[in-house]
Amino acid sequence: DDKTNKDTGSKTETNNDDAKDKDIVLAGIYKDLSQVWFQGTSSSAKAKAMSMGASDMLLIDAKMDADTYLNALDNIIAQEVDGLIVCVPDQKLSTITVEKCKAAGIPVIADDDGLIDENGVHIAPALELDAYRVGQQQGEWLVNHVKDNALIKDPAKTGYFVLEMTTVSSVLPRSEGALDKWNESNMELPEQNVIRGDYLGSTEEAFTVASAIITANPQIDTWFATAPNDEGAAGIVRALEQAGLDQNAVVAGLGGYLAKDEWKKDYSAFKASGYFSSKVDGEAVAEAMMNHLLHGTEIFGEYKKEGAEFGVYPLGAIMVTKDDYKEVMGADAE
Amino acid sequence: MNNTLEFRDICKNFPGVKALDNMSFKVQSGEVVAFLGENGAGKSTLLKILNGDFQQCEGSYLIDNEAIQFKNPYEAIQAGISIIYQERQVVDYLTVGENVFMGNMPLKANGLVDFKTMNEATQKIIDEFDLDMKATDQVKHLSVAYQQMVEIMKAYNRQLKVIAFDEPTASLSNAEIEKLFLIIRNLKKKGVIVLYVSHRLKEIFELSDRVIVFKDGRLVDIKNTKETNEAELVKLMVGRDLGDVFNELDRNETFGDNILDVKNLSNHYVKDISFHVRKGEILGLSGLVGAGRTETIRSIFGADPLLSGDIYFDGEKVQIKSPEDAIALGMGLCPEDRKGQGIAPIRSVKENASMAILKRLTKFGFIQKKAEKEVVQKGIVDLNIKTSSMEKQIVYLSGGNQQKVILARWLAHHPKLLILDEPTKGIDVGAKSEIYRIICRLANQGIGIIIISSELPEIIGISDRIMVMANGEKKGELNRQEATEERILGLAMLGTDIGGSEK
Amino acid sequence: MQTNEVKQDKWSIIKQYIGSEKIGLMIALVVMVIIFSYLSPHYFTAKNLMNILVASSLVGLAAIGQSYLVIGGQIDLSPGAVAGFSGVLAAILLQNGFGTVPTLLIVVVAGILIGFINSLIVNTLKIAPFIATLATMQAIRGLAYIICNGKPIYIQDKTYLSIGKDRILGVPIPVIILILAFIVFIILLSKSRFGRNLYIVGGNPVAARLAGINAKRVISKAFMITSGLSALGGAILASRMNSGQPSSSMGLEMSAVTAVVLGGIAFTGGIGSLGGTVIGVLILQGFNNGLLIMNVPQFWQYVASGLLLVAALSFDYLRSRKRV
Amino acid sequence: MQTNEVKQDKWSIIKQYIGSEKIGLMIALVVMVIIFSYLSPHYFTAKNLMNILVASSLVGLAAIGQSYLVIGGQIDLSPGAVAGFSGVLAAILLQNGFGTVPTLLIVVVAGILIGFINSLIVNTLKIAPFIATLATMQAIRGLAYIICNGKPIYIQDKTYLSIGKDRILGVPIPVIILILAFIVFIILLSKSRFGRNLYIVGGNPVAARLAGINAKRVISKAFMITSGLSALGGAILASRMNSGQPSSSMGLEMSAVTAVVLGGIAFTGGIGSLGGTVIGVLILQGFNNGLLIMNVPQFWQYVASGLLLVAALSFDYLRSRKRV
Ligand SMILES: Nc1ncnc2c1ncn2[C@@H]1O[C@H](COP(=O)(O)OP(=O)(O)OP(=O)(O)O)[C@@H](O)[C@H]1O
Ligand SMILES: Nc1ncnc2c1ncn2[C@@H]1O[C@H](COP(=O)(O)OP(=O)(O)OP(=O)(O)O)[C@@H](O)[C@H]1O
Ligand SMILES: [Mg+2]
Ligand SMILES: [Mg+2]
């Protein structure tokens, strides 16, 4: 599609008619650029955009802070960029984002977390990671794995540990999805053997929480666990190892970036992880934006649901294990 | 006005110390009553009880024959009782006016401070005191002496029935002292009761009507000033005759080579100072407050940077970059600001006494505790330091005893040159004469001594030779036989030697 | 250490409000602006300057209070938590039908109450303010999560939202509030008895006690001002973000302390002026904004912020040392 | 304020090492253990006590250094960043084929170097340690992200991993290291000249200098000890977690300061003992662990932690006040 870049005679409803003379500059505001994931999406988006003819893409970190985010937004609007890709630190910032972009005539795409109004209706095109769905995928994998391998020998001595991040509202649905799938599966575990634990996202915190939970439940010798990120899963695995319970355990994470290294070892209780391709994510968004700026193509129009004003590109996870991660993750497995 | 102040059987205990024991006396308005007593005798403690800073364990005090109990200093101020503490209590960042009106700044109708009224009123007091400062000057820019005067003005500015001065002249020069005495006499005329604590007998005779002598927390005697003399008072307070302090000293008569030779020393405060000290010699540095004496010796000791000049120590040219260097060479410095520069208040007597010689007490990096205790114990005995234990925090010792601990620190160091900056500031006559004896003993051992003192009789009495400074410059030198108060003051104030034999 | 007394009079007024000692920092500010303007044409524009001011609105309010506290020899680590809590509280109140004015009132009063509790812990339990407010910081942050169950709360009240959105004569309301607050609190500090007493309490607590100044009450007021202003800031931020978020404003206290120290107020207490804090806030926010404008990668921004702090303070130190 | 001198001898040894003044805190610790033991049968078990000790290993090391600093009148806000940086550095070194011992050496030396830089800023540029180390904290955290490009780095070296995993006589190696460190540094503080000098410098830096103590050098050593121990702690954490993570150990400095203050070391400097810090660390970690064992929801954990801090310190204050 690089060829079509050059003859941009057919601009339709685009708002900056002089775009073809001027360099196209995109901006991306991400809620936390210190996370591997956003580094991945932002850099692949930038690479894709530049390969499609953009002269630059500014990448800005909102540092998980609404105030910083709003300042960044004002900033890039002041710089008159041509298109904006955002991942808001909180979805309550949606309206203000869309209003400001509209006023400045800058098209915006939501990346990962949709821009939604108070009723949850999308007010801008989005690529969305469906957190609850991803959690379900994770839970589903766990349930199937446990059933297929008949891992529950004695329900009284078996436990399921759900690690949650209750202080980050966008991550919470992942744990809920996993827990719901588990509960639907009728595993016949005693109610008190399904245990929730809370952490702030780091391995050491997950370790501390998991150690305490393991200690508080000495009757359980077979642990299954899910965590909303790989750091959490790694922490649980370390705690299980310390307690000498890792041989029977099954732990699933999300992200795959730590799991891939665990799988280079002979054995690890870290059995699976939901892999999101940051490359797929970033490229999809950048491509949609560039196509819109260059050709006036409607952003994610093909994913528009009935009655919806904007299209939402659904991004899911792919559950990977030691056996298949290399094929699925490609370069990310290195 | 006709007020009275009466103490009845006041007792005060601190852990391990009976600071006051059945203290009773009565004072009339229009009287200046001096408190005299050794360090730690309980003078300051009694004043702090009077203004509600401390609460007595037993006994009571009456004002105008009415028993009163202040819960805090503020209540005392409200009742007309003001005390000027031994330690200055000014706020550097604020102006003179704000300090003088501390606690009762006047307000305008809109609720904000009425700076105009406040500064005018302050200026009036400044003029009354005849001082060269403005109400709007920031206190941090004033000399130490003037800061002390601000402290006094603060108390003076209040409604007064009783005013107490706790060693107010320690950091004043003669000019300010005279102004202060004038003020005190005026207060007396107005019928204010004045309590005056000092270790300087001369001041007590000049100012007071009666003298109350304290010893170990008890009242020894009350004397009408006119009916007593120095010898009697000293005997009452020390418990024995001190005799003629300076004449009875065992002086060293034979001086060795130069231990210190300073050539053309200049720093930010002083310029082109040259002098020498011989082994076994006591060199006095005299001058008015702010003459630059402290700044001179600080540069020699490596505490402040040197801009130019050469220093020869024990015959060799030396580069002293820090006190550490100076101490390693064999110097010791007893600084003038005891609280700020001399002691680590919350640490023990032992730690304060041994801190300059820790290197010597260390083996493989660890302190030899037994050796340390022995050294400190020797110091406590030698200097007769009053403390219940060497583990006691030094801040709980009386000022004079704190000073002795610092002296003990340097004696333990066995210095070749000992610099003493106002070593007897706030020290009682008994302890003073002990310190003089110690200084002479050291001189006899061949140690060179530099002593800075603002008390002329002291500097004349102790020194073998006196160097006079003014405005950061050396104005002259007088030897023991030449030195008189007049000649020193002539050099210090006019820069000329009225005795006619200036070197 | 003595400065030249001759120019005293000419300077005394400026000195009182801005602190002539802070010329070094003003130079640092100007140098910084020149450098960024040279590096990016977007930096020194009216629009961007307004951005900087808007971005300063929360930190600025917290820094006013922090200035009072540090002058009084105290410190407060809870402003971030208070701001977060206040935003959530405001959102909940609005959700429950409270009007804009009652909401703001309740939020600020709640903030003042928190400040009072802080001061109670410091004054009566004699716990060092650093630790006391570290404790309340945690407790208040926890409460912020608890009252909204960890979920951000949306704000729909149009009047309330206009606080964060509207402008008066082209100036955003948060900026106007900030400027007004600075004016009021500069006057309070330099002209009121409470303000002067704060210097006494911070500069020489013994003198304060002897002069009958109720140090506890003075300190209490300073804590209440800090928390009240932080609460106001949090409420404004919630309006700007259209929602109350329990995790917002983390680290606000450190930014506030940084601005205060940049502005020349010393931890020893009793020294400095609010004028210095204005410069401190501008340097801090101007620098952050510059890094954003220059699109400096995040990781390097951390490094740069650290270096700026050291550079600005050493510049000031070296300059003032030369003067002596 | 003065203690009874009669029992001096009997108590003197305990006093020296643990600080008899800290009996109040010991009681608080015991009360806390009793309450948690009553609430959960799993709390007071050998296994869980070991959990607590393992969880203390990083905070404990940082708290030793912080104790030295606070006694010397300083503070360090960078330990968390140093630990994070060290973990990443260790992982990178291992990845590049360095052995366990060289890796540990390099990491600790790097930590000591950071401490030296901290002390340089404090000593020569005269920037308050709070702000100086806030600045280096940011810079070092930034570096941690930069050297690994923000990505956690996995550790595969078996020997290195055994540090975090193996036990000697049933005691995990991190716990052994912690205990050894405490013993060494308690002796250093109470018996060495450096330790004594630290107390004097904290008590009055000016007097210390005039008595020939090189206050700058003393402070410099304390900073180097803190950063060195934090780096060691970070390296151990990386081993325990099998990876170096740039964002790890955030807030470590605050936990360390909290433990130090709980242990009775005052911010005014010159006072306190490392024995108190041991108790402080145990209270802090014992409490956190108790909340986890009880599975208290996260939000309430914040509140509880805040309340604990205030409660423990007021308990100690009220107790000691009664005694005087
Ligand atoms: N806060 C305190 N705690 C314990 N002991 C104290 C305290 N204040 C004073 N003392 C003790 O009380 C005694 C009396 O002290 P005070 O300060 O009244 O002496 P003073 O007569 O003023 O001596 P100086 O002439 O040295 O000022 C001394 O032994 C001193 O150590
Ligand atoms: N800490 C300070 N702040 C401001 N000025 C000072 C300070 N210390 C000294 N000075 C000034 O430096 C000059 C010399 O002071 P210095 O202390 O050397 O005098 P001195 O002869 O030792 O007097 P003193 O009798 O007070 O010891 C004076 O003008 C004094 O006001
Ligand atoms: Mg006294
Ligand atoms: Mg002097």
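We name chains A, B, ... by the order of the sequence lines, and we start the count at 1 in each one.
In plain terms, the two heavy atoms of A:Gln39 and D:Gly150 that are nearest each other are NE2-CA, 3.7 Å. Nearest heavy-atom pair across A:Glu241 and D:Lys165 is OE1-CD, 4.3 Å. Minimum heavy-atom separation, D:Asn295 to A:Gly197: OD1-CA, 4.4 Å. The nearest pair of heavy atoms linking D:Ile293 to A:Ala212 is CD1-O, 3.6 Å.
Using modelled atom types, one finds no donor on one side chain facing an acceptor on the other under 3.5 Å when comparing A:Ser211 with D:Asn51. A donor and an acceptor atom, one from each side chain of A:Thr203 and D:Gln245, are located under 3.5 Å apart.
With a 4.5 angstrom heavy-atom cutoff, D:Leu237 touches chain A only via side-chain atoms. In this structure, no portion of D:Ser40 lies under 4.5 Å from any heavy atom of chain A. At a 4.5 Å heavy-atom cutoff, the contact between A:Leu200 and chain D is made by side-chain atoms alone. Neither the backbone nor the side chain of A:Glu205 comes within contact range of chain D; no heavy atom of the residue lies under 4.5 Å from a heavy atom of that chain. Contact annotation for D:Val54: only side-chain heavy atoms (C-beta onward) come within less than 4.5 Å of a heavy atom of chain A.
More than 12 heavy atoms of other residues, nucleotides or ligands lie within 6.0 Å of NZ in A:Lys265, so this atom counts as buried by the packing criterion. Atom NZ of A:Lys63 sits in a crowded spot, with more than 12 heavy atoms from other residues, nucleotides or ligands closer than 6.0 Å. Within 6.0 Å of the OH atom in A:Tyr132, the count of heavy atoms belonging to other residues, nucleotides or ligands exceeds 12. Within a 6.0 Å radius of NZ in A:Lys322, more than 12 heavy atoms belonging to other residues, nucleotides or ligands are found.
Atom CE of A:Met165 is separated from atom CD of D:Gln298 by 11.0 Å, given to the nearest 0.5 angstrom. Taken from OG1 in A:Thr215 to NE2 in D:His42, the straight-line distance is 9.0 Å, to the nearest 0.5 Å. Summarising the geometry, atom CD belonging to A:Glu204 is positioned 6.5 Å from atom CE belonging to D:Met241; distances are rounded to the nearest 0.5 Å.
With a 4.5 Å cut-off on side-chain heavy atoms, D:Phe299 and A:Thr167 count as touching. Contact check for D:Arg167 versus A:Gln242: side-chain heavy atoms found under the 4.5 Å cut-off. Side-chain contact check for D:Lys151 versus A:Tyr257: every heavy-atom pair is 4.5 Å or farther apart. Side chains of A:Leu258 and D:Pro152 form a contact here, defined as non-hydrogen atoms less than 4.5 Å apart.
Residue with the most contacts toward chain A among D:Asn48, D:Ile52, D:Asn289, D:Asn242: D:Asn242 (heavy-atom pairs, distance under 4.5 Å). For the set D:Ser249, D:Pro41, D:Ser247, the count of heavy-atom pairs under 4.5 angstrom toward chain A peaks at D:Ser249. Of all the listed residues (A:Ile213, A:Asp230, A:Ile214, A:Asp198), the one sharing the greatest number of non-hydrogen pairs under 4.5 Å with chain D is A:Asp198.
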Test side chain to side chain contact (heavy atoms under 4.5 Å, CB included) applied to A:Lys264 and D:Gln156, step by step: CA-CA 9 Å; A:Lys264 288 172 185 146; D:Gln156 269 146 324; 3.2 Å; yes

Apply side chain to side chain contact (heavy atoms under 4.5 Å, CB included) to residues A:Thr208 and D:Asn288 and explain how you reach the verdict. CA-CA 9 Å; A:Thr208 312; D:Asn288 288 345; over 6 Å; no

